[in-house]
Asker: 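Structure below; questions to follow.
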Amino acid sequence: MTTKTVAELLAQNVTTQDVTVKGWVRTFRANRFIALNDGSTINNIQCVVDFENFDEALLKRVTTGAAIHVTGELVESQGKGQSFEIVVKTLEILGDSDSESYPIQPKKHSFEFLRENAHLRTRTNTFSAIMRLRSSLSFAVHKYFNENGFYNMHTPIITGSDAEGAGEMFRVSTLDQKKPPLTEDGNIDHTKNFFGKDTNLTVSGQLEAETYAMSLGKVYTFGPTFRAENSNTSRHLSEFWMIEPEVAFMDLAGNMDLAEDFMKSVLSYILDNNQDDLEFLEKRLLDDEKTKPQLERSELSLIEKIKFVVDNNFKRVSYTEAIDILRNCKPNKKKKFKYIINEWGADLQSEHERFLVEKHFKCPVILFDYPANIKAFYMRLNEPDNEGRETVRAMDVLFPGIGEMAGGSQREERLDVLKEKMKALDISEEELWWYLDLRKYGSAVHSGFGLGFERLVMFVTGMGNIRDVIPYPRTPQNAEF
RNA sequence: UCCUCUUUAGCUCAGUUGGUUAGAGCAUCUGACUGUUAAUCAGAGGGUCCUAAGUUCGAGUCUUAGAAGAGGAGCCA
């Protein structure tokens with residue numbers, strides 16, 4: 001008699017002799033009904049105990065959180081909440097759970113409390129659903145790229161270049177922190193460090209991914225990324241997972257096509273494969289919204305929102321067009337924005353992005369061709385427009401409720417232009433010699449983007465705080481677990 | 001980093017102009033009941049009121065500093 005998962009048993013739907021299942025007790029009602037969950041599905045299986053025929057001391061140990069092993073018969077349920085249930089023949093306690101101290105009670109908990117108990121929070125319906133969806137999404141990412149001719153590459157996590165310009169970095173060092181070796185002029189002597197130079201945790205695998213795109217053609221990385229920014233928001237983590245495809249001979253239009261196709265593909269995978277968990281989270285959100293005033297409630301349910309993205313084209317808008325829309329929109333004219341849009345060249349704030357996505361277009365938006373001076377050095381410079389304004393082939397994919405889901409660009413492939421840009425921004429040529437080599441030998445048009453995996457999980461699960469879609473969130477002042 | 005708010009029982013929260021023994025619901029425990037599914041009914045236990053200093057006859061309540069958490073902003077993915 002092999003142990004089956006709850007998911008397998010519930011899928012069976014026929015009376016079966018001699019089934020065995022192991023899991024954790026969610027509730028034990030009326031000294032008779034055990035709701036058992038083993039993580040294989042959002043659903044519990046009900047195990048019915050004829051308490052008169054069981055040792056009372058044994059039944060006392062069936063507490064919330066205890067691990068148990070049940071054998072019995074799968075039968076049609078007499079109750080209304082489930083179609084099948086197990087009539088228990090034998091019951092074994094595998095691991096007790098002291099109900100006085102076990103933090104996860106059979107009641108609603110706040111997400112803040114569960115964050116402090118992150119090691120146990122996946123024993124709740126909401127977090128088990130989120131993490132199953134996260135796993136499924138991760139698989140869908142690899143599946144998409146694999147089926148579309150991409151190679152997966154692992155870019156280094158410890159990086160020697162600090163020129164990526166994507167934010168503050170975490171230093172990696174083996175030097176004695178109290179007495180670091182010093183050079184003659186009193187600075188820390190990094191030649192004595194483990195790698196013989198100053199090293200950091202990566203903020204992006206893009207530059208390394210470019211090198212592989214320029215030989216393997218279509219590549220992607222999907223790995224951990226670290227930012228030491230002191231940003232305390234519900235959309236930022238110090239450690240997060242980023243998806244970065246990079247493709248040779250692809251221009252910005254192709255990049256937009258890729259980003260849109262990729263997102264639609266992984267979202268529809270989730271719709272096809274994770275219905276139970278999505279329905280549970282959708283219901284949770286609906287209940288949550290009932291407590292909100294009518295105005296703040298969203299027009300679409302969770303599943304409808306995902307379907308909407310899958311079924312509708314992303315709106316592609318140039319920065320210049322976006323500025324025109326924003327300059328003439330009501331909140332700008334009535335000075336409702338904190339930052340009023342007057343001039344071409346202003347950086348868009350999240351209030352402007354939100355207006356475009358949530359009020360004006362009401363669908364995902366790809367903004368492209370940004371002013372050159374507000375974007376990174378490696379982005380492909382356009383010809384100046386007829387008013388002489390310089391833009392780069394950058395793009396941002398904006399999602400309702402999330403904001404910036406992905407950011408990317410066509411890369412500057414012309415050696416002289418790139419060198420000039422680096423000089424202007426004071427970026428060392430010596431340090432990025434290998435990056436410049438790509439432009440020296442067989443340079444070609446190429447493009448890519450970076451997508452924050454947790455932001456995607458937020459969109460799919462409808463969770464409002466990024467700390468609730470990663471197992472152990474790393475944020476400023478917090479590295480518990 | 002900036003702005004705002006929060007911190008009281010295991011959890012979620014009340015706590016009046018500063019006043020004597022700090023409350024509720026849920027959870028837990030004990031008992032009753034037994035086809036329940038947010039089980040029900042009765043009872044019980046459970047407190048460093050975030051920390052430190054101060055004002056006061058007296059501080060959960062007021063002041064100052066600090067810590068932690070949340071929301072928003074900036075930065076970004």
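For clarity, every value in this text was computed on a predicted model and none was experimentally measured.
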Asker: Which nucleotide wins on minimum distance to the side chain of Ser99(A), given the candidates A39(B), C11(B), C29(B)?
Answerer: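 Nucleotide nearest to Ser99(A)'s side chain: C29(B).
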Asker: At under 4.0 Å, does any side-chain N or O of Arg121(A) touch on OP1 or OP2 of C11(B)?
Answerer: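 For C11(B), OP1/OP2 do not have a side-chain N/O of Arg121(A) under 4.0 Å.
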Asker: Write down the partner of C62(B) under the Watson-Crick or G-U wobble criteria, each distance required to be under 3.5 Å.
Answerer: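 The answer is G54(B), by the H-bond criterion.
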Asker: At less than 3.5 Å, do the side-chain atoms of Glu85(A) and the base atoms of G35(B) form a donor-acceptor pair?
Answerer: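 Per atom types, the contact qualifies.
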Asker: Look at the side chain of Gln105(A) and the base of U28(B), then say whether one donor and one acceptor between them are separated by less than 3.5 Å.
Answerer: no
Asker: Would you mind telling me which residue lines up with the more 5' stretch of RNA chain B, Leu237(A) or Phe113(A), judged by nearest nucleotide?
Answerer: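 By nearest-heavy-atom nucleotide position, the 5'-most residue is Phe113(A).
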Asker: Quantified in whole Å, what is the P atom distance between nucleotide C2(B) and nucleotide U20(B)?
Answerer: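 Approximately 39 Å lies between the P atom of C2(B) and that of U20(B).
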Asker: Write down the distance separating the P atoms in G47(B) and U37(B), rounded off to the nearest Å.
Answerer: 33 Å
Asker: Just to confirm, is there a sub-4.0 Å distance from OP1 or OP2 of G71(B) to any side-chain nitrogen or oxygen of Asn465(A)?
Answerer: yes
Asker: Write down the distance separating the C1' atoms in U56(B) and U17(B), rounded off to the nearest Å.
Answerer: 16 Å
Asker: Look at Arg29(A) and A39(B) and indicate whether a side-chain polar atom (N or O) is within less than 4.0 Å of OP1 or OP2.
Answerer: yes
Asker: Say we look at U51(B) and A24(B): how far apart would their P atoms be, to the nearest angstrom?
Answerer: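 Result for the P pair: 23 Å, nearest Å.
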Asker: Is there a donor N/O on one and an acceptor N/O on the other, under 3.5 Å, for the side chain of His236(A) and the base of C76(B)?
Answerer: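 Counting by modelled atom types and ignoring angles, a donor-acceptor contact under 3.5 Å is found here.
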Asker: Verify the distance criterion only: is there a donor paired with an acceptor across the side chains of Tyr370(A) and Asp396(A) at less than 3.5 Å?
Answerer: yes
Asker: Scan Val62(A), Val25(A), Ile68(A), Thr63(A) and name whichever one has a side-chain contact (heavy atoms from CB on, under 4.5 Å) with Ser97(A).
Answerer: Thr63(A)
Asker: Using the C1' atoms only, state how far U55(B) lies from G18(B), rounded to an integer number of Å.
Answerer: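 The answer is 11 Å between these two C1' atoms.
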Asker: Any chance the side chains of Asn232(A) and Asn230(A) put a donor and an acceptor closer than 3.5 Å?
Answerer: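 Their side chains do contain a donor-acceptor pair, which is all the 3.5 Å distance test asks for.
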Asker: If the cut-off is 4.0 Å, is Thr233(A) near the phosphate of A73(B), judged by side-chain N/O to OP1 or OP2?
Answerer: no
Asker: Using nucleotides 65-69 of chain B, report all nitrogen or oxygen pairs with the protein that are shorter than 3.5 Å.
Answerer:
| residue | atom | partner | partner atom | Å |
| --- | --- | --- | --- | --- |
| A68(B) | OP1 | Gln477(A) | OE1 | 3.0 |

Asker: Only pairs with both distances under 3.5 Å count, Watson-Crick or wobble alike; so what is the partner of G69(B) in this structure?
Answerer: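 C5(B) - that is the nucleotide pairing with G69(B), both distances being under 3.5 Å.
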Asker: If only side-chain N and O atoms of Arg235(A) are considered, is one of them under 4.0 Å from the OP1 or OP2 phosphate oxygen of A73(B)?
Answerer: yes
Asker: Reckon Gln82(A) has a side-chain N or O less than 4.0 Å from the OP1 or OP2 of U37(B)?
Answerer: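 Negative; the distance criterion is not met.
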Asker: With rounding to the closest Å, how many angstrom separate the P atoms on A14(B) and G25(B)?
Answerer: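 To the nearest whole Å, 16 Å.
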Asker: Rounding to the closest angstrom, what is the interatomic distance between A52(B) and U61(B) at atom P?
Answerer: 13 Å
Asker: Sticking with atom P, work out how far G23(B) lies from C49(B), rounded to a whole angstrom.
Answerer: 14 Å
Asker: Determine whether a donor-acceptor pair (one donor, one acceptor, N or O, separation below 3.5 Å) exists between the side chain of Asn31(A) and the base of U36(B).
Answerer: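 Per atom types, no contact qualifies.
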Asker: Could you check whether the rings of Phe449(A) and Phe262(A) sit parallel, tilted or perpendicular, using 30° and 60° as the cut-offs?
Answerer: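 Tilted.
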